[in-house]
Each structure stands twice: as C-alpha cells, then as structure tokens.
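This chain uses plain numbering: 1 for the first residue, then up along the sequence.
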Amino acid sequence: MEIPPAEQSVAKILDIQHQIAESHTPHGTTVGKIISPPPDIQIAWNDVILTKEQIYIDEYLLIGHKRTAKGQIQSGTQSAGHHEHSHGISNDYTESWILTDTLKVGDLVEVTPMKGDQLFIVKCKLIYLGKGDG
C-alpha cells in the first residue's frame with residue numbers, strides 16, 4: 001500500500017470538513033435576530049454572527065431611504081340644505097418622504113443564504129404573532 005502525499009491528505013480532510021459544514025448550514029430562508037442595528041449591522045444566525053460585509057439588505061430597512069409617490073385626489077363638494085349644486089375637485093400631488101427608523105436590537109429578520117453560503121440576503125423584518133418564542 002502506498003502512502004498518499006501530504007497535500008492529497010490535507011485536501012481530502014478539507015473536503016470532508018466542508019461537507020460537514022454544508023450539512024449543518026440551512027440553505028433556505030430562515031430567521032435571524034438583530035444584535036446591532038445598521039449601519040454596523042450584526043445578525044445572530046445559525047450560531048454565527050453575520051456582519052455588514054456578508055449582507056445584502058433591503059434598502060427599505062435603512063435610515064434615509066427616500067420614497068416618492070404621486071397621484072390625483074378626486075372628490076366633490078356636497079349639496080347642503082337649500083343649495084342643490086356640487087363641484088368636482090381634482091388635485092394632482094407629489095409627495096416624498098425619507099424613512100428615519102431602522103431595525104432595532106432584538107428584531108427578527110428574514111435571512112436567505114446565497115450560493116456558497118458566504119453572502120446573505122436580508123429582506124424584511126418579521127413579527128411573530130403566536131405565543132412564546134416562535
């Protein structure tokens with residue numbers, strides 16, 4: 001029997017370690033818990049701490065996210081008493097707002113590992129409506 005070179009043995013050991021780690025890593029969407037809010041976000045997830053360098057986060061969850069809406073308000077005056085006529089009202093509007101809140105310590109968030117399990121997507125804050133810890 002021939003003894004394999006050290007490089008081959010080390011490569012095989014690393015492959016086995018990678019397979020073990022893969023088998024213990026959730027690959028679907030799971031729940032994480034905020035332990036430090038943005039901008040230096042940290043999330044407790046699957047017995048590890050995810051940092052901002054590992055996260056793609058939905059911009060809606062960040063302070064300073066700007067949203068703009070526009071539309072048209074339509075209504076009419078009401079007939080009152082002895083007056084039997086009404087007027088249509090139509091006003092265009094554009095409104096902008098900037099979000100000033102963000103995730104807080106203890107908030108639960110949706111965490112989805114990306115291929116390779118080195119980067120993660122954080123899409124939304126979750127609320128558990130049941131009793132207990134969920």
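Checked for salt-bridge contact, K125 and D107 meet the test: a charged N lies under 4.0 Å from a carboxylate O.
Linking Ile, Leu, Val, Met, Phe, Trp and Tyr whenever their side-chain heavy atoms come within less than 4.5 Å leaves V31 and I49 in two separate clusters. Taking hydrophobic clusters as Ile, Leu, Val, Met, Phe, Trp and Tyr residues chained together by side-chain heavy-atom distances below 4.5 Å, I121 shares a cluster with L119. Put simply, L62 and I55 are part of the same group of oily side chains (I, L, V, M, F, W, Y) that touch within less than 4.5 Å, one to the next.
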- Should K123 and Y60 be marked as a side chain to side chain contact (heavy atoms under 4.5 Å, CB included) after you check the CA-CA gap, both sets of side-chain angles, and the distance that decides it? CA-CA 9 Å; K123 275 185 14 185; Y60 285 90; over 6 Å; no
- Taking it one step at a time, do D58 and V122 satisfy side chain to side chain contact (heavy atoms under 4.5 Å, CB included)? CA-CA 6 Å; D58 190 324; V122 176; over 6 Å; no
- Query: When you look at T94 and D92, which way does the side chain to side chain contact (heavy atoms under 4.5 Å, CB included) test go after all the steps?
  - Reply: CA-CA 7 Å; T94 299; D92 292 330; over 6 Å; no
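If you take CG on L103 and CD1 on I57, they are separated by 5.5 Å, rounding to the nearest 0.5 Å. Distance CZ/F120 to OG1/T29: 12.0 Å, rounded to 0.5 Å. From Y128, atom OH reaches atom CG of L108 across 11.0 Å, with rounding to the nearest 0.5 Å. Atoms CD and CD, from Q118 and Q54 in turn, are 7.5 Å apart once rounded to the nearest 0.5 Å.
Checked against side chain to side chain donor-acceptor pair (under 3.5 Å), Y56 has no partners two or more places apart in sequence or in another chain. With sequence neighbours left out, the side chain to side chain donor-acceptor pair (under 3.5 Å) criterion links S90 to Q72. For S96, the side chain to side chain donor-acceptor pair (under 3.5 Å) test picks out T68, with sequence neighbours left out. Here D40 pairs with K52 under the salt bridge (Lys or Arg N to Asp or Glu O under 4.0 Å) rule; sequence neighbours left out. Residues satisfying the side-chain contact (heavy atoms from CB on, under 4.5 Å) criterion with S36, sequence neighbours excluded, are Q42.
Of all heavy-atom pairs spanning G28 and P113, the tightest one is O-CD, 3.3 Å. Taking both residues in full, the closest heavy atoms of P37 and V105 are given as CD-CG2, 3.9 Å, listed atom of the first, atom of the second, then distance. Nearest heavy-atom pair, D101 versus I63, reported as atom, atom and distance to 0.1 Å: O-CG1, 3.7 Å. Closest heavy-atom contact between A44 and I35: CB-CG2, 4.0 Å.
In this structure the side chain of C124 never reaches within 4.5 angstrom of the side chain of V109, judged on heavy atoms.
Summarising the hydrophobic clusters (Ile, Leu, Val, Met, Phe, Trp, Tyr; side-chain heavy atoms under 4.5 Å, direct or chained), the residues clustered with L99 are W97.
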